[in-house]
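Okay, structure first, notes after.
Predicted model, so just to flag it, every value in this text is computed and none were measured. What's counted below: heavy atoms across the whole structure, side chains too, no hydrogens, waters or symmetry copies.
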Amino acid sequence: MRFTVTILLLAICLSISSCRQDKGRGEVVIASAYGQNLYPSDIEGLVGEGVSPQDSAAIVENYINQWLQQQVVINEAQQNVTKDFAAELQNYKNSLLIYEYEQMVVNQKLDTNVTETEIKKYYDSHQDHFLLTTSIVKAIYVKVPKDAPALKDLSKWMVKGNFTDDDFDNVQKMALSNGYECAFDADHWMPLYRFQSLLPIQGDYGDVNLRGKRFLKVPAEDFVYLAHIFDYRPTGELSPMDYERENIKAVILNSRKIDIIRQMQSELLKKAESRGEINKK
């Protein structure tokens with residue numbers, strides 16, 4: 001694709017009499033304005049794979065036109081705007097420098113291992129932060145043709161209140177061997193709205209209707225959806241710790257990052273004071 005773009009640029013240059021070679025850069029100048037030059041290397045990667053030559057040429061030409069327009073506006077602004085941006089630019093530069101240094105220190109010192117004990121301690125002491133804003137379920141489902149011989153056996157296993165590991169294995173093997181659409185992630189919670197999106201559920205299957213349910217049989221044209229709900233928590237209840245585990249890890253790690261940055265700032269301040277590099281008047 002780089003070869004294609006190079007050819008396009010050469011073609012564009014041939015059609016523009018002002019194209020010239022920049023001896024210092026060793027590149028063709030494809031556009032210039034007010035002492036600023038645009039080079040082929042500036043637009044590498046602009047055109048993606050599989051783009052036709054016609055579209056590629058249009059993309060490149062559009063970019064050149066936008067670049068020229070931007071240079072014209074910048075030049076006009078420089079002629080008319082009198083405000084000095086030195087302070088703003090310095091503040092921005094300082095912010096970038098501080099951020100990059102903080103990230104470097106954090107990457108060097110951050111312990112990314114978060115134990116189950118730490119997770120549980122945080123969860124137990126912040127339970128008011130973990131009230132569900134949406135209902136969640138642990139569930140599996142199988143999409144079965146209405147005339148499938150396996151439908152009867154699958155329904156028998158899925159409807160059980162005491163759904164055993166053997167029942168789970170039987171359902172999974174039968175679904176996979178017959179190529180049925182299915183989902184068997186019974187160990188992880190999912191938002192109720194996501195579960196509802198997997199099945200063509202009609203009507204309201206909200207907190208009230210799902211409370212206490214373990215089996216759903218949902219007909220849809222030539223198929224039947226069979227779902228077994230292993231666990232369910234409605235909106236407003238305490239969110240399970242395993243559902244919040246990754247969020248808690250992120251909070252703990254972020255707290256560690258803040259501590260590292262604060263410690264770094266404090267140590268640098270003390271060193272600067274001890275060396276007489278700073279003083280308060």
Exercise. With side chains defined as the heavy atoms from C-beta onward, is the minimum distance between Gln36 and Trp67 less than 4.5 Å?
Worked result: yes

Exercise. Does Asp55 reach the main-chain N or O of Ser52 with its side chain, forming a donor-acceptor pair under 3.5 Å?
Worked result: no

Problem set entry | With sequence neighbours excluded, residues passing ring pair (Phe, Tyr, Trp, His ring centres under 6.0 Å) with Tyr180 | none

Problem set entry | Flag, side chain of Glu118 to backbone of Thr115, donor-acceptor distance under 3.5 Å | yes

Exercise. Side chain of Asn75, backbone of Gln71: donor and acceptor closer than 3.5 Å?
Worked result: no

Could you list the donor-acceptor pairs under 3.5 angstrom formed by side chains in residues 257-265, with sequence neighbours left out?
residue: Gln263; atom: NE2; partner: Glu267; partner atom: OE2; Å: 3.1

Problem set entry | Side chain His228, main chain Phe215, donor-acceptor under 3.5 Å | no

Problem set entry | Test log, rule side-chain contact (heavy atoms from CB on, under 4.5 Å), inputs Gln172 and Val142 | CA-CA 9 Å; Gln172 189 174 39; Val142 181; over 6 Å; no

Exercise. Can you name the nearest heavy-atom pair linking Leu131 to Asp128, along with the distance?
Worked result: CG-O, 4.0 Å

Seminar exercise, completed: residues 91-104 vs side chain to side chain donor-acceptor pair (under 3.5 Å), sequence neighbours excluded, gives Gln90-Asn94

Problem set entry | Residues in side-chain contact (heavy atoms from CB on, under 4.5 Å) contact with Ala250, at least two apart in sequence or another chain | none

Problem set entry | Modelled atom types, side-chain donor and acceptor of Ser135 and Thr235, under 3.5 Å | yes

Problem set entry | Plane angle bin for Trp189 and Tyr243 - parallel if under 30°, tilted between 30 and 60°, otherwise perpendicular | perpendicular

For this session: Go through the structure and list residues passing ring pair (Phe, Tyr, Trp, His ring centres under 6.0 Å) with Tyr225, not counting sequence neighbours.
Result: none

Exercise. Between the side chain of Asn62 and the main-chain N/O of Ala58, is any donor-acceptor distance below 3.5 Å?
Worked result: no

Exercise. Thinking salt bridges, do Lys173 and Asp169 make one under a 4.0 Å N-O criterion?
Worked result: no

For this session: For Tyr63, enumerate each residue passing the ring pair (Phe, Tyr, Trp, His ring centres under 6.0 Å) test, keeping only those at least two apart in sequence or located in another chain.
Result: none

Problem set entry | Glu221/Lys146 salt bridge by N-O under 4.0 Å criterion | no

Exercise. Between His129 and His126, what is the ring plane arrangement, given parallel below 30°, perpendicular above 60°, and tilted in between?
Worked result: tilted

Problem set entry | Lys/Arg N to Asp/Glu carboxylate O, Arg214 vs Asp231, below 4.0 Å | no

